[in-house]
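In what follows, a single structure is set out as structure tokens and then discussed.
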Amino acid sequence: MYKKPVVMRFDSLHEGVYAYSGEEYEAPFVAEEPVEIRASYKLVQTNAWDGNKQYDFIFTNESSEKVESVTVTVRCNGTVTSIGGNVSGTIHGDTAEVMFNNYGNGIEANTTVGPVYVAVTGEGDFSLE
């Protein structure tokens with residue numbers, strides 16, 4: 001008896017579509033456990049002038065797997081109005097979240113990356129720690 005070929009697409013195959021006759025293949029479902037992202041940082045102020053400060057940040061991915069980015073929480077002293085440079089910063093009063101994605105390359109497990117340029121603006125006497 002003739003069976004019409006069945007065309008199937010497998011997400012794990014990236015070179016094309018394959019056809020075959022016979023029984024259907026049923027891939028077992030394997031749930032991925034979420035990776036706990038742990039990160040730390042060090043920072044050094046490298047420059048300052050009216051309303052501006054520059055820092056070098058060193059980020060460490062303390063996770064057991066590569067991650068797309070790390071986010072750390074820093075303390076804001078005084079009035080910090082923006083955080084930028086080679087990071088994304090979101091200010092929440094006297095703390096801020098600083099996210100770094102290693103220029104779109106992610107960060108390998110247990111790896112340190114830096115120094116990373118960070119520009120901070122503010123009013124009066126301000127700083128990050």
Side-chain angles (χ1 to χ4, degrees):
M1 168 187 242
Y2 173 78
K3 285 189 173 184
K4 184 178 177 181
V6 177
V7 177
M8 300 187 71
R9 179 176 180 273
F10 295 96
D11 291 337
S12 62
L13 298 175
H14 299 287
E15 295 191 11
V17 177
Y18 298 85
Y20 70 94
S21 295
E23 296 180 19
E24 284 189 35
Y25 172 76
E26 227 178 278
F29 175 75
V30 179
E32 291 185 23
E33 293 185 27
V35 176
E36 180 184 349
I37 300 174
R38 294 184 315 270
S40 62
Y41 70 95
K42 294 179 184 176
L43 64 90
V44 175
Q45 183 178 322
T46 59
N47 203 354
W49 65 97
D50 294 337
N52 296 279
K53 293 192 178 181
Q54 294 176 340
Y55 291 88
D56 279 345
F57 269 64
I58 297 171
F59 294 96
T60 301
N61 172 15
E62 296 176 345
S63 303
S64 61
E65 295 183 28
K66 179 179 179 178
V67 296
E68 295 300 313
S69 65
V70 294
T71 301
V72 296
T73 301
V74 298
R75 180 162 175 71
C76 300
N77 297 314
T79 304
V80 174
T81 56
S82 73
I83 300 172
N86 294 327
V87 299
S88 298
T90 305
I91 301 165
H92 305 284
D94 63 352
T95 64
E97 292 179 344
V98 178
M99 189 274 294
F100 178 65
N101 69 1
N102 197 21
Y103 315 100
N105 297 312
I107 302 170
E108 294 294 331
N110 300 305
T111 300
T112 298
V113 180
V116 177
Y117 169 75
V118 176
V120 180
T121 60
E123 298 172 3
D125 186 21
F126 67 93
S127 64
L128 296 183
E129 61 179 55

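For reference, positions follow the sequence shown, starting with 1. All of these numbers come straight from a predicted model, not from anything done at the bench.
How far OG1 of T81 is from CG of N52: 8.5 Å, rounded to the nearest 0.5 Å. If you take OG1 on T71 and CZ on F100, they are separated by 11.5 Å, rounding to the nearest 0.5 Å. Here OG of S69 is found 10.5 Å from CG of N102. Values are rounded to the nearest 0.5 Å.
Panel note: side chain Y55, backbone V120; no donor-acceptor pair is recorded below 3.5 Å. Side chain of S63 to main chain of R38: a donor-acceptor pair is present (N/O by atom type, distance under 3.5 Å, no hydrogens or angles).
Contact of the V116 side chain with the V87 side chain is registered, since non-hydrogen atoms from C-beta on lie closer than 4.5 Å. Within the 4.5 Å cutoff, side-chain heavy atoms of E129 are placed close to those of N77. Put simply, the side chain of N61 does not reach to within 4.5 Å of the side chain of N110, judged on heavy atoms. Inter-residue side-chain proximity for R75 and D94 is flagged as met; some heavy-atom pair is nearer than 4.5 Å.
Aromatic ring centroids of Y41 and F57 lie under 6.0 Å apart.
Partner of V118 under the side-chain contact (heavy atoms from CB on, under 4.5 Å) criterion, out of V74, I83, L43, N86: I83 alone.
Taking all atoms of both residues into account, the shortest heavy-atom contact from K66 to G106 is CE-CA, 4.0 Å. Contact record, C76 with G93: CB-O, 4.1 Å, taken as the closest heavy-atom pair. Across D125 and K53, no two heavy atoms sit closer than the pair OD1-NZ, 4.3 Å. Closest heavy-atom contact between V72 and F59: CG2-CE2, 3.8 Å. Nearest heavy-atom pair across A39 and V70 is CB-CB, 3.6 Å.
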Test side chain to side chain donor-acceptor pair (under 3.5 Å) on T121 and S82 and set out the steps. CA-CA 5 Å; T121 60; S82 73; 2.5 Å; yes
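Every side-chain contact (heavy atoms from CB on, under 4.5 Å) that T46 has, sequence neighbours left out, goes to Q54, D56.
F126 and V98 fall within the same hydrophobic cluster, defined by Ile, Leu, Val, Met, Phe, Trp and Tyr side-chain heavy atoms under 4.5 Å apart, directly or through other members. A chain of hydrophobic side-chain contacts below 4.5 Å, direct or via other Ile, Leu, Val, Met, Phe, Trp or Tyr residues, connects I107 to Y103.
The number of heavy atoms from other shown groups lying within 6.0 Å of CD (Q45) is above 12.
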